[in-house]
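Hydrogens, waters and symmetry mates are skipped; everything else that's a heavy atom, side chains included, is used.
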Amino acid sequence: MNRFLPIIACSIVGFSAPAKSSDIGGSFVDHFDQFDSKRWYISDGWTNGAHQNCMWSKHQIKMQDGAVHLGFSEQKIKDLEYACAEIQTRQKFGYGTYEARLKTPTGSGLNAAFFTYIGYPSKEPHDEIDFEFLLKDTREVQLNSYVNGVGGNEKMVPLLEKSNHAFSDYAFTWEPKRLRFYVNGKLMHTIDDPSKVPDQPSKIFFSLWSTGTLTDWLGPFQPPSSPIFFEIQRLAYTKLGEACQFEDSLACQ
């Protein structure tokens with residue numbers, strides 16, 4: 001994420017799905033033909049801090065048209081006027097290839113994210129790898145990594161097609177001492193400074209949320225005129241060294 005991540009991460013603290021330190025997952029492909037509650041945990045009934053002006057709601061998770069939809073809409077919950085959505089894996093995953101086929105919505109003051117995270121809930125250092133879609137401008141995506149709570153590795157990369165126009169493939173390969181980020185199979189960024197490459201197995205997250213305060217990062221909040229959705233058609237994790245699981249996977253290269 002950006003410099004606000006420590007605030008956001010602190011609020012994730014008490015609300016991650018429980019997992020044992022030995023609960024490390026293996027390779028899988030999820031086509032979201034149905035929602036696998038054994039794999040995915042739905043955030044519900046809290047926020048990630050005062051910066052967030054929407055409430056996580058399980059009712060914003062829907063299965064439709066061969067994708068999981070993470071919604072955002074006007075819906076009063078407790079003292080907030082909007083409902084938003086987040087899912088996270090119950091297991092943690094280590095080195096390997098992470099691939100998501102997704103399409104974002106658009107809107108100022110909104111964030112859609114595909115990322116890995118581990119930290120205080122598991123009594124482990126804060127490590128993170130991010131695709132952050134700053135929905136004020138869907139012509140680019142922000143990449144980042146955190147190691148033991150230290151970030152500052154943000155890089156904005158341009159997209160050939162706006163992230164809200166069509167489904168595209170976003171992926172990263174995570175190896176000891178190296179991270180590589182891809183969009184539609186094209187290498188967009190490499191981090192090969194070992195001090196900036198996480199080494200803690202982490203959970204996989206997708207989220208869609210809004211803010212009324214982080215305007216320098218996400219822009220001023222402009223409420224959508226109707227419900228919007230962050231759509232994910234596929235998520236694949238291929239453990240480092242294992243065979244690729246579908247045609248055109250980066251792990252096949």
Practice item. Examine L135 and V157 and state if one hydrophobic cluster contains both, with Ile, Leu, Val, Met, Phe, Trp and Tyr joined whenever side-chain heavy atoms are less than 4.5 Å apart. Key: yes
Practice item. Please round to the nearest 0.5 Å and tell me the distance separating atom NE2 of H51 and atom OG1 of T213. Key: 7.0 Å
Exercise for review: Provide the closest heavy-atom pair for C244 versus T238 in the form atom of the first, atom of the second, distance.
Suggested key: CA-CG2, 4.5 Å
**Study point:** F230 side chain near F72 side chain, heavy-atom distance below 4.5 Å
**Key:** no
Review point. Can any side-chain N or O of S73 pair as donor or acceptor with the backbone N or O of Q75 at less than 3.5 Å?
Key: no
Review point. Are there more than 12 heavy atoms of other residues, nucleotides or ligands under 6.0 Å from atom NZ of K76?
Key: yes
Check your understanding: Hey, any chance L240 and I118 share a hydrophobic cluster, counting ILVMFWY side chains that come within less than 4.5 Å of each other, even indirectly?
Key -> no
**Study point:** Side chain to side chain, P176 and Y95, heavy atoms closer than 4.5 Å
**Key:** yes
**Study point:** Short side-chain donor-acceptor distance under 3.5 Å, S249 and E99
**Key:** yes
Review point. Same hydrophobic cluster for W56 and I77, using side-chain heavy-atom links shorter than 4.5 Å among ILVMFWY?
Key: no
Review point. So, the side chain of N148 versus the backbone of P125: is there a donor-acceptor pair under 3.5 Å, distance only?
Key: no
Check your understanding: Mind checking whether Y98 and Y182 have ring centres under 6.0 Å apart?
Key -> no
Review point. Under a 4.5 Å cut-off applied to non-hydrogen side-chain atoms, are Q60 and C84 in contact?
Key: no
Review point. Under the 3.5 angstrom rule, does the side chain of R90 hit a backbone N or O of S37 as a donor-acceptor pair?
Key: yes
**Study point:** E175, CD: over 12 other non-hydrogen atoms inside 6.0 angstrom
**Key:** yes
Revision key, fill the gap. To the nearest 0.5 Å, atom CG of L102 lies from atom OH of Y170 at 6.0 Å
Practice item. Determine, using the 4.5 Å side-chain heavy-atom cutoff (strictly less than), whether V197 and I129 are members of one ILVMFWY cluster. Key: yes
Review point. For W209 and N53, what are the C-alpha separation, side-chain angles and deciding distance, and is it a side-chain hydrogen bond (donor to acceptor under 3.5 Å, both in side chains)?
Key: CA-CA 8 Å; W209 57 277; N53 64 0; over 6 Å; no
Check your understanding: Hey, are the side chains of C252 and D248 touching, using non-hydrogen atoms and a 4.5 Å cut-off?
Key -> no
Exercise for review: Measure the CG-CG distance between D130 and N144 for me, rounded to the nearest 0.5 Å.
Suggested key: 5.5 Å
Point to revise | OG1-NZ distance between T47 and K78, expressed to the nearest 0.5 angstrom | key: 8.5 Å
Exercise for review: Kindly compute the distance separating CD (Q64) from NE2 (H69), expressed to the nearest 0.5 Å.
Suggested key: 5.0 Å
Point to revise | Non-hydrogen side-chain atoms of N164 and P105 separated by less than 4.5 Å | key: no
Point to revise | Beyond-backbone contact of F114 with L235, side-chain heavy atoms, under 4.5 angstrom | key: yes
Review point. Quick check, are the ring centers of H126 and Y117 under 6.0 angstrom apart?
Key: yes
Review point. Do F32 and L70 share a hydrophobic cluster (ILVMFWY, side-chain heavy atoms under 4.5 Å, transitive)?
Key: yes
Exercise for review: Run through K136, E132, Q142 and flag the one making a side-chain hydrogen bond (donor to acceptor under 3.5 Å, both in side chains) with N111.
Suggested key: E132
Check your understanding: After noting the C-alpha distance and the side-chain angles of D193 and S195, does the key distance pass the side-chain hydrogen bond (donor to acceptor under 3.5 Å, both in side chains) rule?
Key -> CA-CA 5 Å; D193 178 345; S195 69; 2.8 Å; yes
Exercise for review: Please state whether the rings of Y237 and F28 are parallel, tilted or perpendicular, taking 30° and 60° as the class boundaries.
Suggested key: tilted
Check your understanding: Any side-chain donor paired with an acceptor under 3.5 Å for S43 and E86?
Key -> yes
Practice item. Quick one: pull up OG1 in T97 and CZ in R180 and give me the separation to the nearest 0.5 Å. Key: 8.0 Å
**Study point:** Sidechain N-carboxylate O distance under 4.0 Å for R139, D137
**Key:** yes
Check your understanding: Is the shortest heavy-atom distance from the side chain of F133 to the side chain of T138 under 4.5 Å?
Key -> no
Review point. Are the side chain of S202 and the backbone N or O of Q200 linked by a donor-acceptor pair below 3.5 Å?
Key: yes
Practice item. Taking only Lys NZ, Arg NE, NH1 and NH2, and the carboxylate oxygens of Asp or Glu, determine whether K62 and E231 approach each other closer than 4.0 Å. Key: no
Point to revise | Identified ring pair (Phe, Tyr, Trp, His ring centres under 6.0 Å) partner of F115 from the options W174, F172, F205 | key: F205
Review point. So, do I191 and R178 sit near enough that their side-chain heavy atoms are less than 4.5 Å apart?
Key: no
Exercise for review: Please lay out, stage by stage, how D192 and K177 fare under the test salt bridge (Lys or Arg N to Asp or Glu O under 4.0 Å).
Suggested key: CA-CA 6 Å; D192 53 13; K177 302 181 181 180; over 6 Å; no
Exercise for review: Please test I87 against Y41 for side-chain contact (heavy atoms from CB on, under 4.5 Å), starting from the C-alpha separation and ending with a verdict.
Suggested key: CA-CA 6 Å; I87 60 174; Y41 175 86; over 6 Å; no
